[in-house]
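Residues take their numbers from the sequence shown, with the count starting at 1.
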Amino acid sequence: MAPFTLAHLSDPHLPPLPKPRLIELAGKRAFGYVNWTRNRHKYQRREVLDALVADVKAQGPDHIAVTGDLVNLALEAEFAPARAWLDGLGPPDRVTTIPGNHDAYVRATLHRFGETFAPYLAGDDGRIGFPSLRRRGPLALISLSTAVPTLPLMATGTLGRDQLASLEEMLERFAAEDVFRVLLVHHPLKSGASHKRMIDSAELLTLLKRHGVELILHGHDHIHSTMWFEGPNGNIPALGVPSASALAHGRTPAAAYNLFTIEKDNTGWRCEQTVRSLGAGLQIGQIKHVKLI
């Protein structure tokens with residue numbers, strides 16, 4: 001059997017930001033809009049995102065995972081362009097996305113992510129909800145949502161008791177199956193920034209220690225990240241990536257994506273990670289290759 005390839009990109013923060021109506025700038029959006037106009041518009045660039053997507057497509061992955069933050073302030077006018085961009089990335093059977101905190105920026109448009117991206121969210125049972133399950137080749141893609149509206153200057157996320165309970169039931173059903181389980185979640189499972197953390201990450205880590213998965217993919221921090229967490233049969237790798245539309249600035253790295261090659265051999269699962277990143281002249285090239293499992 002040929003190896004299965006999974007591309008992972010995150011946090012496209014689709015630029016440019018549409019001009020908001022004055023009424024839309026109440027509350028948290030006012031802070032976000034000031035941040036965009038003063039800073040983020042300089043570094044979140046559409047030409048960078050387009051170059052990265054072109055390279056992803058050139059690699060011909062079997063599936064693509066996008067771990068949230070497709071939009072910026074969750075303005076009504078952001079969702080249609082973001083759906084058009086996702087359609088351009090690939091069809092719903094080849095692309096899976098989950099929401100990030102910016103996709104749930106305010107309560108007024110909290111429903112729009114599910115409405116707009118439904119075909120890319122739905123599990124194999126057709127249900128829109130989390131956790132959701134998609135079987136692709138040897139993979140079980142398990143999508144979670146930590147996206148909740150928060151107060152200004154906060155970017156925390158939470159799964160909630162019901163989602164954690166459903167996830168445990170799902171993982172219990174996989175106990176007897178020979179499947180490579182990939183967990184998709186926007187927030188990292190460990191964060192040094194209290195205002196950006198997953199509030200109930202300890203509960204998730206306890207669950208994973210009992211049941212395990214083979215790979216965790218996340219976004220949110222806009223950096224290259226590899227962390228390892230305890231599972232029932234060894235440590236579980238958790239990988240994050242920079243924003244898919246970012247120019248390098250300060251300590252924030254340039255746009256990049258992960259490409260995983262997954263296959264089964266006589267000794268068990270093998271998973272290798274290749275990192276491809278933006279370089280000079282909008283060229284995308286390989287900067288890392290490592291065996292994870």
Side-chain angles (χ1 to χ4, degrees), residues 3-15 39-72 82 85-86 88-90 94-98 100-103 141 155 182-193 196 215-228 237-262 271-293:
F4 190 95
T5 54
L6 174 66
H8 168 222
L9 57 102
S10 195
D11 298 73
H13 289 285
L14 192 72
N39 299 300
R40 296 187 66 167
H41 80 280
K42 304 174 187 175
Y43 311 118
Q44 308 288 163
R45 306 298 301 176
R46 181 58 187 258
E47 62 270 24
V48 170
L49 182 59
D50 290 345
L52 198 79
V53 167
D55 193 77
V56 171
K57 291 182 175 181
Q59 303 305 310
D62 294 301
H63 201 79
I64 302 171
V66 184
T67 50
D69 279 0
L70 276 69
V71 302
N72 295 284
W85 172 79
L86 198 61
L89 184 61
R94 301 288 295 274
V95 177
T96 298
T97 193
I98 60 171
N101 57 296
H102 281 260
D103 304 313
L141 294 164
V182 181
L183 195 68
L184 306 178
V185 60
H186 180 68
H187 287 75
L189 277 64
K190 183 178 181 181
S191 176
K196 297 181 67 175
L215 182 63
I216 301 166
L217 303 180
H218 69 84
H220 191 54
D221 283 344
H222 295 195
I223 59 173
H224 298 282
S225 175
T226 302
M227 294 182 281
W228 296 84
L239 287 297
V241 287
S243 164
S245 62
L247 291 170
H249 56 285
R251 297 183 179 180
T252 302
Y257 70 95
N258 289 322
L259 189 65
F260 299 98
T261 303
I262 300 158
C271 177
E272 296 183 359
Q273 173 202 15
T274 298
V275 183
R276 296 183 62 81
S277 179
L278 179 74
L282 293 181
Q283 297 299 306
I284 309 296
Q286 179 176 317
I287 63 170
K288 180 180 179 181
H289 181 84
V290 64
K291 181 180 178 181
L292 291 172
I293 302 172

Exercise for the section: Return yes if some donor-acceptor pair links the side-chain N/O of N72 with the main-chain N/O of L14 below 3.5 Å, else return no. Expected result: yes
Handout entry: Residue pair N101 / D69, side-chain heavy-atom distance below 4.5 Å
Key = yes
Practice task
Apply side-chain contact (heavy atoms from CB on, under 4.5 Å) to P253 and list each qualifying residue two or more places apart in sequence or on a separate chain.
Solution key: I223, H224, P242
Handout entry: Heavy-atom side-chain proximity of S277 to K288 below 4.5 angstrom
Key = no
Practice task
Please assess F260 against L215 for the test side chain to side chain contact (heavy atoms under 4.5 Å, CB included), listing each intermediate value before the final yes or no.
Solution key: CA-CA 10 Å; F260 299 98; L215 182 63; 4.2 Å; yes
Handout entry: Check: L217 and L6 side chains under 4.5 Å, non-hydrogen atoms
Key = yes
Exercise for the section: Identify the two heavy atoms, one from D62 and one from P3, that lie closest to each other, and give their separation to 0.1 Å. Expected result: OD2-O, 3.8 Å
Practice task
Please round to the nearest 0.5 Å and tell me the distance separating atom OG of S10 and atom CD1 of I98.
Solution key: 7.0 Å
Practice task
Locate the shortest heavy-atom distance separating A244 from A255; write the atom from each residue and the value.
Solution key: O-CB, 3.4 Å
Handout entry: Test item: R276 and D55 side chains (from C-beta on) under 4.5 Å apart, heavy atoms
Key = yes
Fill in the blank from the handout: Between V241 and H8 the two heavy atoms that sit nearest each other are CG2-CE1, 3.8 Å
Handout entry: Min side-chain heavy-atom separation K42-H249 under 4.5 Å
Key = no
Practice task
Apply the test side chain to side chain contact (heavy atoms under 4.5 Å, CB included) to residues V66 and T96: give CA-CA distance (whole Å), side-chain angles for both, the deciding distance (0.1 Å), then the verdict.
Solution key: CA-CA 6 Å; V66 184; T96 298; over 6 Å; no
Handout entry: Residue that, paired with I216, satisfies side chain to side chain contact (heavy atoms under 4.5 Å, CB included) out of L183, L239, L184
Key = L183
Exercise for the section: Ignoring hydrogens and angles, tell me if any N or O in the side chain of T274 forms a donor-acceptor pair with the backbone of N258 under 3.5 Å. Expected result: no
Problem - side-chain contact (heavy atoms from CB on, under 4.5 Å) partners for K190, two or more places apart - result: M227, F229
Going by atom type alone, with no hydrogens or angles, which donor-acceptor pairs under 3.5 Å involve a side-chain atom of residues 45-52 and a protein atom two or more places apart or on another chain?
unit_1: R45; atom_1: NE; unit_2: E47; atom_2: OE2; d: 3.3
unit_1: R45; atom_1: NH1; unit_2: H41; atom_2: O; d: 3.0
unit_1: R46; atom_1: NE; unit_2: D50; atom_2: OD1; d: 2.8

Practice task
Taking all non-hydrogen atoms of both residues into account, name the closest pair between D103 and G68 and its distance.
Solution key: OD2-C, 3.7 Å
Practice task
Evaluate the side chain to side chain contact (heavy atoms under 4.5 Å, CB included) criterion for residues Y257 and V53: first the C-alpha distance (whole Å), next the side-chain angles of each, then the deciding distance (0.1 Å), finally the verdict.
Solution key: CA-CA 9 Å; Y257 70 95; V53 167; over 6 Å; no
Exercise for the section: Can you see which heavy atom on G219 is nearest to which on P188, and at what distance? Expected result: O-CD, 3.9 Å
Handout entry: Side chain T67, main chain V185, donor-acceptor under 3.5 Å
Key = no
Exercise for the section: Hey, could you give me the CG/CG distance between L247 and L278, rounded to the nearest 0.5 Å? Expected result: 6.5 Å
Practice task
Pick out which of H222, Q44, H13 makes a side-chain hydrogen bond (donor to acceptor under 3.5 Å, both in side chains) with S243.
Solution key: Q44
Exercise for the section: State whether a side-chain donor-acceptor pair under 3.5 Å links E272 with T261. Expected result: no
Practice task
Check the angle between the aromatic planes of H186 and H220 and answer parallel, tilted or perpendicular using the 30° and 60° thresholds.
Solution key: perpendicular
Practice task
Please step through side chain to side chain contact (heavy atoms under 4.5 Å, CB included) for the pair V275 and I287, ending with a clear verdict.
Solution key: CA-CA 6 Å; V275 183; I287 63 170; 3.8 Å; yes
